[in-house]
Amino acid sequence: MAPAPRTALVPDPHGPGGRLQPLAEDGNPLGPPVRTPDLAAAVAEREAAEQPRWVWAAADSAYAPLLPLRLARCHDLRLTEALLLGHDGAWGAPRSLGAAWARLRGLPVPADLPESAGPDDQDGLFAPDRLQLPPGTDPLAAVVAVHAEQQRRTGSIADPATRARFRLLVAAESAGGLLAAEMSHDGLPWRADIHDRLLTELLGPRPTVPGTHPSRLAELAVELQQALGGRPFNPDSHSQVLRAFAEQGIQLGSTRSWELNRVDHPAARLMTRYKELSRLHAAHGWAWQDAWARGGRFRPEYVVGGVVSGRWASRGGGALQIPRILRRAVVADPGWTLVVADAAQLEPRVLAALSQDAGLARSAAEGDLYSALAATAFHGDRDKAKLGLLGAMYGQTSGDIGPLLATLRRRYPTAMGYVEAAARTGEDGGIVRSRLGRTCPPPSADWLDLTEAPESATEAGGRSARARGRFTRNFVIQASGADWALALLAALRRRLTALESGADRPHLVFFQHDEVVVHTPLNLADQVAAAVADAAEEARTLVFGDTPVRFPLSATIADCYADAK
DNA sequence: TCGACTGGCGCC
DNA sequence: AAAGGGCGCCAGTCGA
């Protein structure tokens, strides 16, 4: 396939205009800059004509103002800069356009600006000075130059296969930038009335005085007090809770729920319940709804590559930590429905594909991986198979997991050797990369905090080395899983663009590590489900090439998120 | 009074 | 003896 033509795009700092410039694959200009008074119209026209790969500083400054216009592909300089910095051993250096430009020109490199926060702080995102360019610098010239440099650096990766995978990573990460902007713009359908009903059922009516506890929480606090001797205390204060339990002769090391659950006392159950409800109220209660879920849509801000492993993070609204119970409030619009798909057992499948362990790959070739593993190596005990494999991927050594790991080591030496090699690399201070070439951060002072350690420096050093070993062990899997998920998103997004129903089109409205939700006109739901399956297969081939491992994505059609699967 | 930190728990 | 990876967010706590 011939590479797409490229076009640099820079919006004017104020107003609807902007400038465009055609570029060759290597970043060299193919013509002079073109100024347009109506950037959205000019971009739409060129997109219809040739679907170029749009080259811009960052989606939030260049793409968000163009929405709801949909563009097929882009090269996001900020996201790519972060990938390249990590790859080149400069992990964490500033990645703004201005920073990349400064490095190119040997100028002082500006630090990245703090990100915006809060649902009402959208304006700061579009301010042109976020590009961090020195005064008087032409932003278009900077975009063109930094892009050319990024293409050069990517092209200098020696191994052709590694280079090709890194290019795929750049394209997929950039597509993630497109999608994140679109999902924030479209929002996740959110029924405030259902949310409110759930809250009222669990917590009592919404308090009329802001900042006060809803009735059920207040009642629980009183019941707790009575169960613990009647002395008033604040159930939100750990130290007061510990003291109140201690006065009843119950010594707790913490107020963690698993510890409370082991205590046979009425107050322990009340405390657990209080904490559950209190958390729901504080994190996803009425205040959250007011802030994040107005107008029938939940509009979080997604942070592409916000996690070192390449997983997305979110800013504000806790988009990736919505309690399962609140999925009840995610309901398709009338005439629309949801297609919900999640990858089953993504990480063990990633391990099988990465390590090319023939035995594990057989277990991952279809169906339930843990059952297949159990049948082969654990006398049919699925729980043991799952526990053992998860422990191997996380570097767990506690509990009764030793024998399970020994079994896995015997039966799947290649797979276990793979994660153990990654762990050793980390322990020795080395770096590891995902399948597509995302690099883990190097060791830092965080890994070797000797100040508080009561034991010797040697012991503390060993402990921190093992901690970093667990990190790199998990990184290769989690990050390669994120590679796959990004490829899936890009492939699915492309397929969805091709589906239409009158003026309506299905669109991705949610993505959470290994799960996607598409909001679609009813009559397209089956085609969306098929597109999901096709996209999963495409991602598998793109990321892992020739592997017997399958990455099944079970798609369910349901009007309500809570009813899926 | 405010920022940094901690404990704890939501999600994967 | 302790012994599981990655996040974001809240209330409480503590110190500047």
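Below, read A as the first sequence line, B as the second, and so on, with proteins coming before strands; counting in each chain starts at 1.
At the heavy-atom level, A/Arg466 lies nowhere under 4.0 Å from the strands shown. Residue-level contact check: A/Arg311 touches the bases, meaning some heavy atom is under 4.0 Å from a base atom. Across all strands shown, A/Gln478 has heavy atoms under 4.0 Å from base atoms, whether or not it also approaches the sugar-phosphate. Residue A/Gly317 is classed as a sugar-phosphate contact, given heavy-atom separations below 4.0 Å to backbone atoms only. Here A/Ile322 lies in heavy-atom contact (under 4.0 Å) with sugar-phosphate atoms only.
Note that the CG atom of A/Leu252 and the CZ atom of A/Arg243 stand 13.5 Å from one another [nearest 0.5 Å]. Once rounded to the nearest 0.5 Å, the distance linking CG of A/Asp563 with CZ of A/Arg327 reads 11.5 Å. Rounded to the nearest 0.5 angstrom, A/Asn234 CG and A/Gln225 CD are separated by 10.0 Å. Atoms CD1 and CG, on A/Ile477 and A/Leu351 in that order, are 4.5 Å from each other to the nearest 0.5 Å.
Taking atom NE2 on A/His213 and atom P on C/dG12, their separation rounds to 7 Å, with Å as the unit. Here the C1' atom of nucleotide C/dG4 and the CD atom of A/Gln396 are 5 Å apart, to the nearest Å. One atom, CD of A/Glu301, and another, P of C/dG8, lie 12 Å apart when rounded to the nearest Å. Rounding to whole angstrom units, CG of residue A/Leu389 and C1' of C/dG5 are separated by 14 Å. Atom pair A/Tyr302:OH and B/dC11:P shows a separation of 16 Å (rounding to whole Å applied). Rounding to whole angstrom units, CH2 of residue A/Trp288 and P of B/dG10 are separated by 16 Å. The separation between A/His284 atom NE2 and B/dC11 atom P is 9 Å, rounded to whole Å. In this structure, A/Ile401 atom CD1 and C/dA2 atom C1' are separated by 15 Å, rounded to whole Å.
Contact of A/Arg279 with C/dC10 (side chain to base): no donor-acceptor pair of N or O atoms is detected under 3.5 Å.
Nucleotides C/dG4 and B/dC9, compared at atom C1', are 16 Å apart to the nearest Å.
Contact check on A/Asp290 versus A/Arg206 returns a salt bridge, with a Lys/Arg side-chain nitrogen under 4.0 Å from an Asp/Glu carboxylate oxygen. Salt-bridge annotation for A/Asp196 and A/Arg191: absent, with no side-chain N of the basic residue lying under 4.0 Å from a carboxylate O of the acidic one.
For the pair A/Ser314 and C/dG8, the criterion of a side-chain N or O lying under 4.0 Å from OP1 or OP2 is not met. At the phosphate of B/dG8, neither OP1 nor OP2 sits under 4.0 Å from any side-chain N or O atom of A/Lys275. Dashed line: the shortest gap from a side-chain N or O of A/Arg256 to OP1 or OP2 of B/dG8 is under 4.0 Å.
Taking the side chain of A/Gln512 as heavy atoms from C-beta on, and the options B/dC12, C/dG4, C/dC7, the nearest nucleotide is B/dC12.
Non-hydrogen atoms lying under 4.0 Å from DNA chain B are contributed by A/His238, A/Ser254, all within residues 219-254 of chain A.
Evaluation of A/Tyr394 against the base of C/dG4 yields no stacking contact (centre distance < 5.5 Å, interplanar angle < 30° required).
A ring-centre distance under 6.0 Å is not found for A/Trp292 and A/Trp286. The aromatic ring centroids of A/Phe298 and A/Trp288 lie less than 6.0 Å from each other.
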